[in-house]
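For reference, the structure is listed below as structure tokens.
Counting begins at 1 with the first residue of the sequence. Order of listing sets the numbers, starting from 1, for every ligand and every atom in it. Note that these values count all heavy atoms, side chains included, but never hydrogens, waters or copies made by symmetry.
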Amino acid sequence: MFQQLTALPADPLLGIAVAYRQDDNPKKVDLGVGVYKTEEGNTPILTSVKKSLQILLDSEESKSYIQARGNQAFLDGMEKLVLGADNPLLSSNRVESVQAPGGTGSLKLGFELIKRGNPNAKIWVSGPTWANHNALIKSTGLASEEYPYYDKVNNQLRADEMLEAFAKLGKDDVVLLHGCCHNPTGEDIPADLWPKIADLAVENGFTPFIDIAYQGFGTDLETDVQGVRHLLSKVPEALIATSCSKNFGLYRERTGLITTISESPVAAGIALTHVLNIAREIYSMPPSYGGATVGILLGDEALTTEWKTELAEMCARMRSLRALLVDKLHARDVDQSFDFINRQNGMFTFLGITPEQVQAIRDEYSIYMAGSSRINIAGISNSNVDYIADAVAAVLKK
Ligand code: LMR
């Protein structure tokens with residue numbers, strides 16, 4: 001049986017980490033997978049998370065199964081974080097959440113739910129989007145298409161074209177939107193566009209599916225989700241896939257949740273039975289650790305305050321690394337402006353160089369980034385920024 005298989009290429013993002021590890025150049029730089037790093041290149045456990053983990057370790061009395069929908073304190077805390085504690089949706093009984101293995105697991109549950117609700121649904125993804133979005137949609141067997149999003153030549157949002165595309169959609173369409181810190185471009189939907197998207201969704205009946213994996217990495221926890229909250233307050237139905245990998249630094253604990261907003265409490269209850277049934281067919285119930293940890297953290301005022309401070313520090317550091325990189329590139333007399341990097345949000349930006357130039361930088365400098373020229377801003381440090389800027393300037397001047 002297995003002899004019939006042919007080998008697949010490495011995953012476009014995870015493969016970069018493998019190649020980087022195998023490179024023995026002492027000057028190598030990893031700007032690949034989206035993982036936060038300190039100046040020293042480490043990804044430490046956040047202190048607030050470590051304290052919450054310790055409380056869990058001290059208090060956990062059983063390794064029996066957890067309930068299928070996950071840790072209730074986690075689900076309640078995360079719904080409040082994303083939607084806002086005083087959001088009327090939370091008391092409407094139209095919102096249901098299920099803990100899932102990471103953002104990817106949450107997205108998978110969402111796509112499978114859409115397939116059950118409407119097998120003819122088409123998922124609209126931003127052009128470009130996170131590579132795994134396309135893989136997940138394909139694996140679910142749903143149709144998908146790109147909507148205009150990022151102008152790679154001028155490094156800006158294709159706002160008018162995006163709205164024109166949305167104006168043509170209808171009730172069989174689902175629009176996958178990045179809640180904040182767009183991956184891979186870093187280019188976010190500005191505050192004034194969210195109400196327009198909301199109006200189009202209400203008028204034409206398409207369903208928004210929000211992927212929010214970087215809340216707190218853009219401006220702050222509240223500002224980053226203002227647009228999303230407005231949209232969700234207007235539409236009858238929506239899905240939200242939330243990840244705790246980045247803002248809680250829980251990458252390996254695979255911690256996330258899928259939230260459905262339904263037209264009525266009855267419809268919400270029915271959707272929940274399907275999400276639980278889909279999860280049961282794939283993995284039964286979610287891993288416990290990450291959700292239990294976040295549940296403890298968000299249920300404790302002091303730990304939450306500490307976490308918010310740590311999150312704000314990560315966010316501020318990435319902002320300053322953006323500015324540093326732009327200054328270093330401009331100091332090398334390159335022809336183009338990189339000012340757009342300062343305007344963008346979160347972990348990523350496109351350098352705007354060709355796949356050949358990306359490969360040349362990898363071959364000649366051992367600097368690793370996605371083929372699209374997406375870089376992980378957190379991989380930059382004071383000690384490697386000159387090396388990175390030299391490499392980019394060199395390939396641009398060739
Ligand atoms: C990324 O985009 O680099 C991260 O979200 C990690 C991943 O799983 O792709």
Side-chain angles (χ1 to χ4, degrees), residues 8-21 28-38 41-43 100-111 125-140 146 149-150 176-188 209-218 224 240-258 283 286-287 290 311 314-315 317-318 321-322 341 344-351 355 358 362 367-380 388:
L8 293 173
D11 178 87
L13 287 170
L14 303 184
I16 302 170
V18 176
Y20 172 79
R21 270 197 297 275
K28 67 182 178 178
V29 180
D30 180 11
L31 303 177
V33 180
V35 173
Y36 181 80
K37 291 181 198 154
T38 60
N42 303 322
T43 308
T104 299
S106 311
L107 286 161
K108 178 67 176 168
L109 294 183
F111 291 133
V125 297
S126 59
T129 195
W130 181 47
N132 217 26
H133 281 153
N134 295 318
L136 287 164
I137 296 165
K138 194 167 164 224
S139 79
T140 311
E146 273 189 0
Y149 191 80
Y150 190 66
L176 186 59
L177 296 158
H178 300 228
C180 63
C181 306
H182 185 270
N183 180 3
T185 65
E187 190 72 46
D188 278 341
F209 188 165
I210 312 293
D211 182 355
I212 182 138
Y214 298 89
Q215 188 181 354
F217 268 27
D224 287 359
I240 313 159
T242 310
S243 169
C244 301
S245 295
K246 325 279 171 167
N247 50 8
F248 289 91
L250 279 167
Y251 307 88
R252 67 174 61 171
E253 300 299 349
R254 311 310 303 138
T255 311
L257 64 153
I258 180 74
Y283 56 83
L311 179 58
M314 292 195 282
C315 181
R317 181 159 172 276
M318 288 186 288
L321 289 171
R322 284 179 180 272
I341 294 178
Q344 296 171 338
N345 291 321
M347 287 202 110
F348 306 114
T349 191
F350 275 155
L351 282 180
V358 169
R362 188 198 275 215
I367 298 174
Y368 290 76
M369 67 186 81
S372 58
S373 84
R374 186 197 84 165
I375 57 166
N376 171 14
I377 294 290
I380 303 169
I388 296 169

- Asp30: what forms a salt bridge (Lys or Arg N to Asp or Glu O under 4.0 Å) with it, not counting sequence neighbours?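 Checked Asp30 against salt bridge (Lys or Arg N to Asp or Glu O under 4.0 Å); matches are Lys37.
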- Item | Residue among Asp211, Asp188, Thr129, Thr185 satisfying side-chain hydrogen bond (donor to acceptor under 3.5 Å, both in side chains) with His178 |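 That would be Thr129.
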- In sequence, state the C-alpha distance, the side-chain angles, and the governing distance for Tyr36 and Lys246, and then conclude on side-chain contact (heavy atoms from CB on, under 4.5 Å). CA-CA 7 Å; Tyr36 181 80; Lys246 325 279 171 167; over 6 Å; no
- What residues form a ring pair (Phe, Tyr, Trp, His ring centres under 6.0 Å) with Phe350, not counting sequence neighbours?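 With neighbours one apart ignored, the set is Tyr150.
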Provide, line by line, the atom pairs where ligand 1 and the protein bring an N/O atom each to a distance under 3.5 Å; else say none.
residue  : atom  : partner : partner atom : Å
ligand 1 : 2 (O) : Trp130  : NE1          : 3.1
ligand 1 : 2 (O) : Asn183  : ND2          : 3.0
ligand 1 : 2 (O) : Arg374  : NH1          : 2.9
ligand 1 : 3 (O) : Gly34   : N            : 2.7
ligand 1 : 3 (O) : Arg374  : NH2          : 2.8
ligand 1 : 5 (O) : Lys246  : NZ           : 3.1
ligand 1 : 9 (O) : Trp130  : NE1          : 3.0

- What orientation do Phe348 and Tyr214 show, parallel under 30°, tilted 30 to 60°, or perpendicular over 60°?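 Aromatic pair Phe348/Tyr214 classed perpendicular.
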- With Lys108, which residues qualify under side chain to side chain donor-acceptor pair (under 3.5 Å), at least two apart?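 Here the qualifying residues are Glu112, Ser139, Thr140.
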